[in-house]
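This report concerns only the one structure given below.
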Amino acid sequence: MTEGHARHDRHVIALMGNPNTGKSSLFSALTGTRQKVANFPGVTVEAKIGTARFENSEITVIDLPGTYSMAARSPDERVATDALLGRIEGTPKPDGVIIVLDASSLDRNLYIGTQILEFGLPAVVALTMVDVAESRGITVDVAKLSETLGVPVVVINAPKGRGLDDLKSTLHRTLHHPGKVLELDYPDDFLRGVNTLYNELCDLGVKLGFKPTRPEALRLLVDGAGPFFDECEEVGGEEFISKFFEIREKAAGGRSLSMHEAQTRYGAIGKWMQEVKQTETREGRTRTDIVDGILTHKFWGSLVFIVVMGLIFQSIYSWSGPLMDAIDGSFGALGEWVGGMMSDGALKSLVVDGVIAGVGGVLIFLPQILVLFLFIAILEDLGYMARAAFLMDRLMSRFGLNGRSFIPMLSGFACAIPAIMGTRVIEDRNTRLTTIFLAPFMSCSARLPVYVLFIAAFVPQMKVLGFIELQGLVLFAMYWVGVFAAIPTALVLKKGILKSKATPFLLELPSYKTPRLKAVGRTLWDRGGSFIKRAGTIILAVSVLVWAAGYFPHSQEVDDKYDAQLAEVESAYADSILEFNPEEDADSLLAQYKAIDDAHEERVAEAEEAAEDDDALEQAISESKAERNAEMAKLAAKSADAEQALSHYADWKALEERRGEIENLRGGEHLEDSFLGRAGHVIEPAVEPLGWDWRIGMAAIASFPAREVIVATLGTIFNLGGDEDEESETLREVVKNAERKDGSKLFTLATALSIMVFFALCAQCAATLAVMRRETNSWKWPIASFLYMTVLAYIGALVTYQVAHALGG
Amino acid sequence: MLEYITIAAIILAAAGFTGWRAWQTLRVASGSKACGGCEKCD
């Protein structure tokens with residue numbers, strides 16, 4: 001194609017190969033398009049498109065799902081064939097193909113390689129993992145491999161950028177020549193069957209709407225099922241089907257057709273490998289074998305898995321605590337600063353109680369999210385997650401699932417949406433539906449803020465067995481709640497309505513790699529960015545709406561009542577006390593007494609953080625009080641004015657407390673009278689058995705579109721309701737100090753556990769339900785999932801609260 | 001007065017945005033929007 005004077009070539013190429021061969025890395029290196037690269041199979045489930053440039057050429061690169069075969073059993077395998085033949089709407093037909101082969105598992109990789117080469121498109125082989133192969137004593141003769149396959153072979157290392165220019169120039173040359181069809185030595189009956197079926201398909205061609213190809217005829221003959229078979233059955237009817245089975249029977253010659261195919265392919269590959277590959281015989285087991293032996297061992301592997309996961313949850317608390325406190329403190333200070341700049345009224349309340357308390361309450365959990373994903377990204381890149389999947393295969397097979405379900409479910413710990421989309425790698429429909437149904441049970445990152453908030457507020461900071469942080473242990477346990485609920489659910493589904501035969505699970509254990517800083521950094525950037533974006537968009541919007549529902553109608557009668565009470569209280573005090581402002585009168589005697597009192601409060605707060613038990617705390621408080629009283633007495637002894645000021649300070653403090661109480665009552669009554677409060681009282685009887693009051697109930701309802709909204713909603717509700725006081729600067733403290741109408745604490749350990757269990761089990765994510773609908777093509781599954789999980793969450797929270805309450809929690 | 005106009009505008013914007021997100025979610029459900037809704041490609 002020419003444009004003006006310069007010659008511009010435009011080409012489309014497909015990138016194909018087994019999962020985990022470095023295909024996604026190559027795609028990113030060629031196109032610069034950002035894409036998640038993880039070190040376990042099955043990450044790429046949809047075709048991704050990017051553009052690469054070489055000299056005057058523009059090459060559109062289609063990254064197809066990594067598959068082990070072109071057999072159209074699972075949706076991604078069908079996508080691969082359709083895309084290669086240009087039959088996907090909106091996706092251009094490839095002029096050529098890059099076949100990515102892993103040099104360390106060349107034999108197995110060539111299985112799909114031979115299938116692709118049978119399509120006869122211009123092809124280049126990109127040979128990856130040569131360094132890994134060499135470390136295992138495997139040497140590949142690249143020139144011989146190229147000669148054998150009849151296509152150019154280029155050694156590449158995409159993460160390090162090696163061989164990319166060579167690959168592009170080779171590709172450029174190759175695309176200008178016709179491709180060569182690979183001919184394998186199939187048995188005569190088999191080959192006759194392929195040719196006969198091909199002719200039959202050509203007769204159907206007009207009705208099918210496309211011209212079928214010989215490799216497709218081969219696939220249809222061997223697979224005898226799948227989307228292409230369904231299409232042929234639809235247009236060809238009974239006549240075609242009876243011919244089809246007749247051809248199959250003859251071609252099989254009393255044996256399995258897939259056996260014929262596998263024997264022919266592996267037979268050819270085996271012969272080629274004798275010339276192409278040299279393996280240095282090493283005595284004993286390699287280091288990888290020894291490590292794999294431990295990590296996939298029934299007992300030791302499980303132990304390592306539990307210890308690794310336990311350490312992650314320990315780190316979430318110990319590493320992110322200081323950063324979380326810093327963000328928390330910053331939002332507290334921001335609220336005070338903004339509040340100080342604005343005059344009292346609805347707009348100030350919207351900004352301080354709605355936006356800052358709501359969004360800030362969620363953003364403080366950013367460090368935890370980052371620590372969690374730092375570990376997950378490192379473990380993924382290291383190659384450990386594939387070992388974990390292997391380990392889980394044994395466990396999951398007992399519940400009718402297999403390790404293929406584990407990989408999507410593992411990504412469910414980050415977010416259920418990619419988990420549900422990841423189930424496309426599962427061939428069996430019933431197993432896929434079961435996995436989709438179970439994915440939302442995995443504790444996604446949106447649940448983390450809920451767990452962290454309540455654990456930090458109600459689980460004591462203490463060590464179990466001398467070195468395990470109790471808070472981290474409880475967090476770890478919360479992640480298992482969903483897993484334990486998923487197990488019986490899987491059993492019921494797989495033994496009941498979604499019964500299916502067990503299918504073998506082929507999982508490649510990738511080589512161990514040093515985690516790449518760039519890949520880990522990208523995961524953190526994506527996850528952190530996505531969390532901040534959610535806080536700044538949907539959570540901000542919901543916080544504003546919750547604030548509006550909790551603020552209006554804001555009756556003037558309520559204000560008048562409390563203004564009158566305030567005036568009555570203030571009438572009992574002298575003007576000097578009423579007008580005292582600690583900031584403006586910083587040099588006054590009253591301010592000096594206040595400074596001594598503040599120092600005492602600070603010492604108490606420090607003691608609360610540091611004290612190991614209640615006795616130690618009590619002693620620290622009493623010592624601090626004695627110090628304060630002594631300092632005050634010393635100041636009072638200086639003059640008669642100072643002595644009188646001490647008594648005025650006591651009066652001012654009592655007045656401040658009274659003012660605070662009246663303001664809290666005012667806030668509480670406005671909230672009760674608000675639209676939110678009125679709706680809350682309607683639902684209160686339903687949530688009371690869970691140990692909740694209407695405020696928690698409304699926060700839980702508001703979080704049905706997205707879980708983390710509960711944190712923002714609680715922040716807004718308790719700020720509006722006046723449950724904050726001078727000591728309640730952080731949401732943790734607000735939650736800790738919140739009271740019921742009778743003055744008892746609203747949140748106890750039992751209430752906190754009940755909320756956490758509810759959130760662990762409930763399907764509170766509209767986007768997940770939407771994706772479930774799309775992937776199952778029916779509303780039946782999302783509705784069933786929503787109802788089942790909500791009922792389960794309610795029962796779980798009810799039992800948790802009642803048991804914990806009975807035990808004194 | 002200006003205060004209440006500002007507040008009304010903010011609430012309307014928040015309601016509009018929430019409604020738009022709900023609409024986008026429904027588009028995902030019907031299959032007319034490719035994004036899965038996890039915000040990575042929004």
Side-chain angles (χ1 to χ4, degrees), chain A residues 34-36 45-46 90 342-343 345-351 354-355 411 414-422 444-446 526-527 529-534 537-549 551-552 705-706 765-777 779 782, chain B:
Chain A
R34 296 181 68 214
Q35 192 200 13
K36 187 174 159 58
V45 288
E46 285 190 318
M342 297 175 79
S343 54
L347 193 58
K348 178 179 165 179
S349 175
L350 168 62
V351 174
V355 176
S411 51
C415 177
I417 290 160
I420 291 172
M421 288 164 75
C444 64
S445 57
D526 283 350
R527 286 288 158 194
S530 161
F531 185 73
I532 293 170
K533 198 172 153 192
R534 270 177 90 79
T537 52
I538 190 69
I539 290 171
L540 171 66
V542 173
S543 293
V544 168
L545 297 180
V546 168
W547 171 85
Y551 187 84
F552 293 109
C765 183
T768 299
L769 297 171
V771 169
M772 210 182 264
R773 154 71 184 79
R774 192 182 71 184
E775 294 297 309
T776 60
N777 206 22
W779 278 111
Chain B
M1 187 62 187
L2 184 67
E3 185 184 27
Y4 280 93
I5 290 172
T6 311
I7 290 170
I10 294 172
I11 293 171
L12 275 176
F17 180 75
T18 311
W20 176 77
R21 285 302 301 261
W23 166 241
Q24 294 297 96
T25 306
L26 281 173
R27 283 186 61 212
V28 169
S30 67
S32 58
K33 186 169 182 265
C35 168
C38 62
E39 303 212 341
K40 285 195 80 171
C41 47
D42 269 0

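Proteins get letters first, then strands, A, B, ... in listed order; numbering begins at 1 in each. The figures here come from the full heavy-atom set of this structure, side chains too, leaving out hydrogens, waters and symmetry mates.
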Proximity breakdown for A:Leu347 and chain B, heavy-atom pairs closer than 4.5 Å: both
On a heavy-atom basis, the closest approach of A:Ala541 and B:Ala14 is O-CB, 3.6 Å
With rounding to the nearest 0.5 Å, note down the distance linking OG1 in A:Thr537 to CH2 in B:Trp20. 9.0 Å
What is the minimum heavy-atom distance between A:Phe552 and B:Ile11, and which atoms define it? CE1-CD1, 4.1 Å
Residue pairs passing the side-chain hydrogen bond (donor to acceptor under 3.5 Å, both in side chains) test with at least one member in residues 540-549 of chain A, sequence neighbours excluded, are A:Ser349-A:Trp547
Taking all heavy atoms of B:Leu26 and all of A:Trp779, pick out the closest pair and write down the distance. CD2-CH2, 4.4 Å
About how many Å separate OG1 of B:Thr18 and CG of A:Leu540, when rounded to the nearest 0.5 Å? 9.0 Å
Quick one: what part of A:Phe531 sits under 4.5 Å from any heavy atom of chain B, side chain, backbone, both or neither? neither
How close do A:Ala766 and B:Thr25 get, counting heavy atoms only, and between which atoms? O-CG2, 3.6 Å
Contacts of type side chain to side chain contact (heavy atoms under 4.5 Å, CB included), residue B:Leu12, not counting sequence neighbours: none
